Participant: 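I'd like to ask some things about the structure below.
In this text, all values refer to a predicted model and were calculated from it rather than measured experimentally.
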Amino acid sequence: MPPTGPDGGIRLDDPHLPVDPESTARAVGAAIRRAHDGPAGRGTIGLSRVAARLQDAAGADNAVLMDSGPYLGRPVAELARLAVETVSVLPPVVRPTVAVRPGFTLGDCVLHADGSIVVGGVRAAGDRELELAAAAIALGSRHGPAVVAPLLDAYGMDLLDLRRLDTSQLLVSIAAEIGVDLDSVIDDV
């Protein structure tokens, strides 16, 4: 029996679910965009807070290396320090924060019989790029890197800051490597 969502749809983390990767990526991108227009809840999450938390969690030990992704073989602590530096020089956000699911996984996506996808989970006010980076990594891990472009296209490239997106990818990769759930970094207001 496939894993089901709270409203009866099938969760996308079901490894036996036959899906077209590009169509799925587009549907997830559109679902995330719709979710970003919803209520954010009481918490906030910012890239500076995430970077600082990851640097603390990584410590100073350069012996732990990234074991996958574009940062393969790089020391996690070094990447965490780089993330803090990078976030500190990003220009200020010029648009409002949105309702994000920073700890996004494919299990948060529910596919319905009509082909629509709904993204659930913890929502906080934050940078859209953080959730999109997590979605790109999750979809790319399952279907390969070719799904990232359709995901971002369906979301709307004109809404994205590519520097924040790249930095968010680094942050999400570090969090996954050292086992930090980004939902735990939400600052309750």
Participant: Looking at residues at least two apart in the chain, or sitting in another chain, which of them share a side-chain hydrogen bond (donor to acceptor under 3.5 Å, both in side chains) with R33?
Facilitator: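 R33 satisfies side-chain hydrogen bond (donor to acceptor under 3.5 Å, both in side chains) with no other residue.
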Participant: Should L65 and I178 be counted in the same cluster of Ile, Leu, Val, Met, Phe, Trp and Tyr side chains packed under 4.5 Å apart?
Facilitator: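 Hydrophobic grouping puts L65 apart from I178.
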Participant: Kindly give the heavy-atom pair with the smallest separation between V172 and A133, and that separation in Å.
Facilitator: CG2-CB, 4.2 Å
Participant: Could you state the interatomic distance from CG (L79) to CG (N62), rounded to the nearest 0.5 Å?
Facilitator: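 These two atoms lie 9.0 Å from each other.
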Participant: Once rounded to the nearest 0.5 Å, what's the spacing between atom CG of L130 and atom CD of Q169?
Facilitator: 12.0 Å
Participant: When rounded to the nearest 0.5 angstrom, what distance separates CG in L72 from CE in M66?
Facilitator: 9.0 Å
Participant: Could you tell me whether the side chain of F104 reaches within less than 4.5 Å of the side chain of I32, counting heavy atoms only?
Facilitator: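 The answer is yes; the side chains approach within 4.5 Å.
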Participant: So which heavy atom on A125 is nearest to which on T97, and how close?
Facilitator: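 In this case the closest contact between A125 and T97 is CB-OG1, 3.6 Å.
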Participant: Verify, without hydrogens or angle tests, whether D108 (side chain) and T105 (backbone) share a donor-acceptor contact under 3.5 angstrom.
Facilitator: yes
Participant: If we only count heavy atoms from C-beta on, is the T44 to I186 side-chain gap below 4.5 Å?
Facilitator: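 Side-chain contact under 4.5 Å: no.
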Participant: When you compare the side chain of R163 with that of P91, does any pair of heavy atoms fall below 4.5 Å?
Facilitator: yes
Participant: When you compare the side chain of D67 with that of E177, does any pair of heavy atoms fall below 4.5 Å?
Facilitator: yes
Participant: Evaluate the criterion side-chain contact (heavy atoms from CB on, under 4.5 Å) for residue pair L151 and V28; output intermediate values, then yes/no.
Facilitator: CA-CA 7 Å; L151 168 79; V28 169; 3.8 Å; yes
Participant: How far apart are the closest heavy atoms of L111 and G115, and which atoms are they?
Facilitator: CD1-O, 3.7 Å
Participant: If you measure from CG on L160 to CG on D158, what distance do you get to the nearest 0.5 Å?
Facilitator: 8.0 Å
Participant: Salt-bridged, E85 to R81, with N to O below 4.0 Å?
Facilitator: no
Participant: Are V84 and L90 connected in a single hydrophobic cluster, I mean Ile/Leu/Val/Met/Phe/Trp/Tyr linked by side-chain heavy atoms less than 4.5 Å apart?
Facilitator: no
Participant: Could you walk me through whether T24 and L12 pass the side-chain contact (heavy atoms from CB on, under 4.5 Å) test, one step at a time?
Facilitator: CA-CA 9 Å; T24 301; L12 286 186; 3.8 Å; yes
Participant: Do you know the tightest heavy-atom contact between A25 and L139?
Facilitator: CA-CD1, 4.1 Å
Participant: Considering only heavy atoms from C-beta outward, does the side chain of L152 approach that of L165 to under 4.5 Å?
Facilitator: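 The answer is yes; the side chains approach within 4.5 Å.
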Participant: Do you know the tightest heavy-atom contact between V93 and D127?
Facilitator: CG2-OD1, 3.5 Å
Participant: Can you give me the closest heavy-atom contact between Q55 and A80, atom names plus distance?
Facilitator: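 That would be CA-CB, 3.8 Å.
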Participant: Just how far is it from atom CZ of R164 to atom CG of L171, taken to the nearest 0.5 Å?
Facilitator: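 Atom-to-atom, R164:CZ and L171:CG are 10.5 Å apart.
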Participant: Answer yes or no: is there a side-chain heavy-atom contact under 4.5 Å between E78 and Y71?
Facilitator: no
Participant: What distance do L182 atom CG and S184 atom OG have between them, rounded to the nearest 0.5 Å?
Facilitator: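 Result: 7.0 Å between the selected atoms.
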Participant: Tell me whether E129 contacts the main-chain N or O of D161 through its side chain, where contact means a donor paired with an acceptor under 3.5 Å.
Facilitator: yes
Participant: What I'd like to find out is whether the side chain of I117 reaches to under 4.5 Å of the side chain of V110, using heavy atoms alone.
Facilitator: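 Counting from C-beta outward, I117 and V110 never come under 4.5 Å.
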Participant: List the steps, then state whether side-chain contact (heavy atoms from CB on, under 4.5 Å) holds for V98 with D37.
Facilitator: CA-CA 7 Å; V98 295; D37 291 334; 5.8 Å; no
Participant: Is the shortest side-chain heavy-atom distance between V64 and P75 below 4.5 Å?
Facilitator: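 With C-beta onward as the side chain, the pair stays apart.
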Participant: With sequence neighbours excluded, tell me which residues meet salt bridge (charged side-chain N to carboxylate O under 4.0 Å, His left out) with R49.
Facilitator: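 Salt bridge (charged side-chain N to carboxylate O under 4.0 Å, His left out) check on R49 returns nothing, list empty.
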Participant: Start with the C-alpha gap between Y155 and L159, add the side-chain angles, then the distance that decides, and say whether side-chain contact (heavy atoms from CB on, under 4.5 Å) holds.
Facilitator: CA-CA 8 Å; Y155 183 84; L159 298 171; 4.0 Å; yes
Participant: Is there a chain of hydrophobic side chains (I, L, V, M, F, W, Y, each step under 4.5 Å between heavy atoms) that links V147 to L162?
Facilitator: yes
Participant: Do L47 and V89 share a hydrophobic cluster, counting only Ile, Leu, Val, Met, Phe, Trp and Tyr and linking them when any side-chain heavy atoms are less than 4.5 Å apart?
Facilitator: no
Participant: Using the test salt bridge (charged side-chain N to carboxylate O under 4.0 Å, His left out), find all partners of R123 that sit at least two apart in sequence or belong to another chain.
Facilitator: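 Checked R123 against salt bridge (charged side-chain N to carboxylate O under 4.0 Å, His left out); matches are E131.
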